[in-house]
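Here the structure comes first, spelled out in structure tokens, and everything after it is commentary.
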Amino acid sequence: MFARWLTKRSLLLLLLHNTSCKGTQDFMYLQLAQPRLAEVKGIGIDIASISKIASLVSRYNSETLTLLFTPDEIEQCQSAPHSSRSYAVCFSAKEAVGKALGTGLVDINWNEIETVIVQSGLTIKLRGAAQQKALQCGVKAWLATWCYWDDYVMVHVLSKGEQA
């Protein structure tokens with residue numbers, strides 16, 4: 001499992017710059033200046049086609065969609081100005097969380113991972129087997145962001161562990 005220690009003396013400078021990547025600011029800096037240690041447990045990245053996810057969503061009824069998305073995600077996506085993009089972000093976030101856990105979505109139901117899209121990024125909420133797997137891996141918190149370009153969304157998640 002991927003693990004790295006970051007201390008107060010170290011400065012993590014995350015520079016995201018892509019002029020064609022909408023949905024995030026051109027530059028984003030993250031500085032960890034905490035006196036405690038933060039363990040990075042895993043990283044997950046996923047890219048999805050907005051049109052393919054839109055096609056999937058249009059094919060199924062709401063009961064079937066609840067196998068993939070939580071009721072709150074469905075409500076959030078349906079009320080969003082770009083509904084298809086929101087569904088693609090939620091879908092990609094689930095894939096990225098599975099990758100960050102190191103197991104994919106084996107033995108985890110899709111609707112046990114919930115994504116809340118906020119202006120500054122994403123909030124990840126886990127339930128059931130997904131929450132149990134995260135606890136087994138020592139995951140205490142998630143950092144997540146997303147962006148889109150053309151017909152694609154990209155979601156990046158970082159799972160964090162204990163702080164000593």
Side-chain angles (χ1 to χ4, degrees), residues 1-6 12 14 16 23-24 30 32 34 36-80 82-148 151-164:
M1 176 164 296
F2 175 80
R4 180 175 174 108
W5 293 96
L6 304 170
L12 175 63
L14 177 62
L16 297 176
T24 60
L30 172 65
L32 296 178
Q34 299 174 345
R36 294 180 244 147
L37 300 175
E39 184 180 8
V40 176
K41 291 294 193 174
I43 296 174
I45 299 172
D46 192 68
I47 298 173
S49 165
I50 296 169
S51 60
K52 286 185 181 179
I53 300 303
S55 174
L56 177 136
V57 169
S58 68
R59 264 196 315 247
Y60 297 109
N61 62 26
S62 61
E63 185 178 328
T64 304
L65 285 178
T66 60
L67 298 174
L68 292 175
F69 303 102
T70 68
D72 287 343
E73 285 176 321
I74 293 170
E75 182 181 327
Q76 171 186 236
C77 293
Q78 290 296 331
S79 64
H82 302 282
S83 180
S84 298
R85 185 187 314 148
S86 295
Y87 274 114
V89 168
C90 292
F91 186 91
S92 270
K94 294 167 190 297
E95 290 277 358
V97 166
K99 292 170 185 176
L101 290 172
T103 62
L105 296 174
V106 174
D107 297 327
I108 296 174
N109 292 324
W110 285 77
N111 59 10
E112 293 177 337
I113 302 169
E114 183 174 328
T115 305
V116 179
I117 302 170
V118 293
Q119 185 143 5
S120 60
L122 302 173
T123 300
I124 305 294
K125 298 178 183 179
L126 303 181
R127 295 178 184 82
Q131 186 176 29
Q132 290 302 314
K133 181 62 181 169
L135 290 174
Q136 288 171 358
C137 293
V139 175
K140 302 293 181 188
W142 296 91
L143 295 174
T145 188
W146 69 279
C147 66
Y148 75 97
D151 185 46
Y152 297 94
V153 297
M154 181 184 77
V155 174
H156 174 256
V157 299
L158 178 80
S159 59
K160 296 180 2 176
E162 285 286 340
Q163 293 189 349

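Considering only residues two or more places apart in sequence or on other chains, Q78 meets the side chain to side chain contact (heavy atoms under 4.5 Å, CB included) condition with I74, S83, Y87. In this structure V106 satisfies the side chain to side chain contact (heavy atoms under 4.5 Å, CB included) test with no other residue, sequence neighbours excluded. Evaluation of the side-chain hydrogen bond (donor to acceptor under 3.5 Å, both in side chains) rule for K99 yields D46 as partners, not counting sequence neighbours. For K140, the salt bridge (charged side-chain N to carboxylate O under 4.0 Å, His left out) partners two or more places apart in sequence, or in a different chain, are E162. Remark: E112 engages I108, N109, A129, A130 in a side chain to side chain contact (heavy atoms under 4.5 Å, CB included) (not counting sequence neighbours). A search for side chain to side chain contact (heavy atoms under 4.5 Å, CB included) contacts involving S159 returns K41, A100, V139, W142, not counting sequence neighbours. In this view, D151 and S49, S51 satisfy the side-chain hydrogen bond (donor to acceptor under 3.5 Å, both in side chains) rule, not counting sequence neighbours.
Here I50 contributes atom CD1 and R85 contributes atom CZ; the two are 6.0 Å apart, rounded to the nearest 0.5 Å. Note that OG1 of T70 is 11.0 Å distant from CD1 of I113, once rounded to the nearest 0.5 Å. Rounding to the nearest 0.5 angstrom, the gap separating the OG1 atom in T145 from the CD1 atom in I45 is 11.0 Å. Of the inter-residue distances, the one linking E73 atom CD with T115 atom OG1 reads 5.0 Å to the nearest 0.5 angstrom. If you take CG on L68 and CD1 on I53, they are separated by 8.5 Å, rounding to the nearest 0.5 Å.
Side-chain N or O atoms of Q76 include none that pairs as donor or acceptor with a backbone N or O of S86 at under 3.5 Å.
Across A88 and A48, no two heavy atoms sit closer than the pair O-CB, 4.4 Å. Between V157 and A96, the shortest heavy-atom contact is CG2-O, 3.4 Å.
Screening residues 125-136 for side chain to side chain donor-acceptor pair (under 3.5 Å), with sequence neighbours left out, gives E114-R127. Pairs engaging residues 95-139 under the ring-ring contact (aromatic ring centres under 6.0 Å, His included) rule: F91-W110 [sequence neighbours left out]. Among residues at least two apart or in separate chains, side chain to side chain donor-acceptor pair (under 3.5 Å) pairs with a member in residues 54-65 are N61-T64.
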- request: Given side-chain contact (heavy atoms from CB on, under 4.5 Å), test L122 with I117 step by step and report yes or no.
  value: CA-CA 5 Å; L122 302 173; I117 302 170; 3.8 Å; yes
message: Would I47 and V153 count as a side-chain contact (heavy atoms from CB on, under 4.5 Å) here? Give the steps.
response: CA-CA 6 Å; I47 298 173; V153 297; over 6 Å; no
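Using a 4.5 Å heavy-atom threshold, the side chains of V40 and L158 count as touching.
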